[in-house]
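For reference, the structure discussed in these notes is given below.
Each chain gets a letter, A, B and so on, in the order its sequence line appears, and its residues count up from 1.
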There are 2 protein chains.
Amino acid sequence: MAKKVVPEEARRRRRPTRQGTVLSERLIIDTALRMLREHGSAGLSARRLGAALGADPSTLYRYFDGMDGLTLAIGEELIGRALDAFTATGDWRHDLRELGLLIHGAYLSHPQAAVLTAGRVTGRPREIAADETVLGLLRTAGFPDAEAVGIYHAFIDQSLAFAALDAGALALAETSRTSDERQWESTYARLPADEYPHIAATARLLAARMNHSAYPLALDMLLDSAEARLRAVRTTP
Amino acid sequence: MAKKVVPEEARRRRRPTRQGTVLSERLIIDTALRMLREHGSAGLSARRLGAALGADPSTLYRYFDGMDGLTLAIGEELIGRALDAFTATGDWRHDLRELGLLIHGAYLSHPQAAVLTAGRVTGRPREIAADETVLGLLRTAGFPDAEAVGIYHAFIDQSLAFAALDAGALALAETSRTSDERQWESTYARLPADEYPHIAATARLLAARMNHSAYPLALDMLLDSAEARLRAVRTTP
DNA sequence: ACCTGAACACCGTTCAAGT
DNA sequence: ACCTGAACACCGTTCAAGT
């Protein structure tokens, strides 16, 4: 893998393309993100991306290791945007909540890209930076190392997992253009109350909830538990 | 959508295929799951599935609404298997934990299928049954409806989201055949301690954790918080 | 050094024709 | 009623050839 991809810094001469474009990783990623937003995740292909860039599709292979490498680069870009928007306040619980919502938000702002990208955890620079930040918040707050590492792991995977799930739902809703609110309403309202008593009893509450992400609540519950664990550590040191 | 798909019960005559197979939804889903396991998620295509079944690929279109419909059916199958393996004990926390681990496990036992399927939440029968079960556990435990609905939502989405994330990682590891344990070890061990002090300080703990799913811990943390909320409701009724 | 063009080996899906 | 075969409009990727 990564066979003949030339790293961005090592590029010597760049000739404009037949149609006059001067290519770069930046330009390719930005164009890919735009295509994903405009045409959905099925709308991105090497051939179409080439056409959008005014370049032969095969040229992409010296910038990225195939479509897979491009996907990884897009994921890095999204994580990076979340990190850039983050500033710590010193309150660990507030900061973790903020960072989680930023990561989730960065993916959801490009749902079609997130679908492609999520679950491709990579170990590339911006991701490592996010890891360091989260670990730092927890260790500084006073969590013992073993506890900090566990909570870090649960926190970061929860953020990425919900980002992927919610992006998938959003991407689907965008392409199928169905009024989703009504869809949930009718799904739950239509069920026989004798067979599904608990759904029937809460149908209104369900319909109101299911169109929003469960991530904020799940995140708060994780932080609840973390806070209780920190108290336990402090009282029995 | 679902244009000319004949529902399984409504099928009249079935002619064996040129090669002698008698098709059914069951047979098609089982064959697809086997192909996914054996050849990875890129190894499933209408043409290859047709060949494996001994039928023309175009025949599949009267059993499922394209590859997308087949994907949904595979998702239903995985959820169904988790539910079939579940029996309630009456201890809500134990039961939710059990059910969460079963759902996660069902997806992870077919990681290649889970990758395709996850994030395609559908509202089909087996899924609704899972919803009813979870809501029932929470309401019977004494959670007020609004609380029960919120926790149900966080629980079910967290289970599916982690299932998808972990399945993705597993599927990737299976196809790339890299020794993953060593990969994490080297990633973290190689980082400069002055730039990444928190990672450096916990590198050993990280390497030990990152190859396992964070789902069991995240699940326990969610249940911790739920239990605390239930206590709060009980003491101030 | 970098981009191009042709070629290879595939896709999903439709629909008229066969049995 | 059900399955088939040909056709359409696409894919990702490689590599020798061009500039």
Practice problem: Give me the ring orientation class for His104(A) and Tyr215(A): parallel if the planes are under 30° apart, tilted from 30 to 60°, perpendicular past 60°. | Solution: parallel
Self-check item: Listed nucleotide nearest any side-chain atom of Arg62(B), set dC3(D), dT13(C), dT13(D)
Solution: dC3(D)
Quiz item: Rounded to whole angstroms, how far apart are CE on Met67(B) and P on dC11(C)?
Solution: 10 Å
Quiz item: What is the distance from CG of Leu53(B) to P of dC3(D), rounded to the nearest Å?
Solution: 11 Å
Quiz item: So what's dT4(D) paired with, Watson-Crick or G-U wobble, going by both distances under 3.5 Å?
Solution: dA16(C)
Quiz item: Rounded to the nearest Å, what distance is computed from the CE atom of residue Met35(A) to the C1' atom of nucleotide dC11(D)?
Solution: 13 Å
Quiz prompt | Pairwise P distance, dA9(D) and dC10(C) [rounded to whole Å] | solution = 22 Å
Quiz prompt | Presence of donor-acceptor pair under 3.5 Å, side chain of Ser58(A) and base of dG12(D) | solution = no
Quiz item: Is there a donor-acceptor contact under 3.5 Å linking the side chains of Ser24(B) and Tyr63(B)?
Solution: no
Quiz item: Which nucleotide sits closest to the side chain of Tyr61(B): dT13(D), dT4(D), dT14(C)?
Solution: dT14(C)
Quiz item: Whole Å only: how far is the CG atom of Asp65(B) from the P atom of dT13(C)?
Solution: 8 Å
Self-check item: Inter-residue atom distance Thr31(B).OG1 - Arg48(B).CZ, 0.5 Å rounding
Solution: 13.5 Å
Quiz item: Taking CG from Leu27(B) and C1' from dC2(D), how many angstroms apart are they, rounded to a whole number?
Solution: 16 Å
Quiz item: Of all the nucleotides listed (dC3(D), dC11(D), dT13(D)), which has the minimum atom distance to the side chain of Arg48(A)?
Solution: dC11(D)
Practice problem: Could you work out which one of dC3(D), dA7(C), dT13(C) sits closest to the side chain of Arg47(B)? | Solution: dT13(C)
Self-check item: Leu53(A) backbone acceptor or donor facing Thr21(A) side chain under 3.5 Å
Solution: yes
Quiz item: What nucleotide among dC3(C), dG12(D), dT13(C) has an atom nearest to a side-chain atom of Thr17(A)?
Solution: dC3(C)
Self-check item: OP1 or OP2 of dC3(C) under 4.0 Å from side-chain N/O of Tyr63(A)
Solution: yes
Quiz item: Tell me: CG of Leu70(A) to P of dT13(D), nearest whole Å?
Solution: 10 Å
Quiz item: Is Ser45(A) touching bases, backbone alone, or none of the nucleic acid, heavy atoms closer than 4.0 Å?
Solution: sugar-phosphate
Quiz prompt | Strand partner of dC10(C), provided both Watson-Crick or wobble distances fall under 3.5 Å | solution = none
Exercise. Output all residues satisfying salt bridge (Lys or Arg N to Asp or Glu O under 4.0 Å) with Arg209(B), sequence neighbours left out; order by chain, then residue number.
Key: none
Quiz prompt | Atom pair distance, as rounded to whole Å: CG in Leu23(B) and C1' in dC2(D) | solution = 10 Å
Practice problem: Rounded to the nearest angstrom, tell me the gap between atom CG in Leu49(A) and atom P in dG12(D). | Solution: 9 Å
Self-check item: Nucleotide nearest Asp56(B) (side chain, heavy atoms from C-beta), chosen from dC3(D), dT4(C), dG5(D)
Solution: dG5(D)
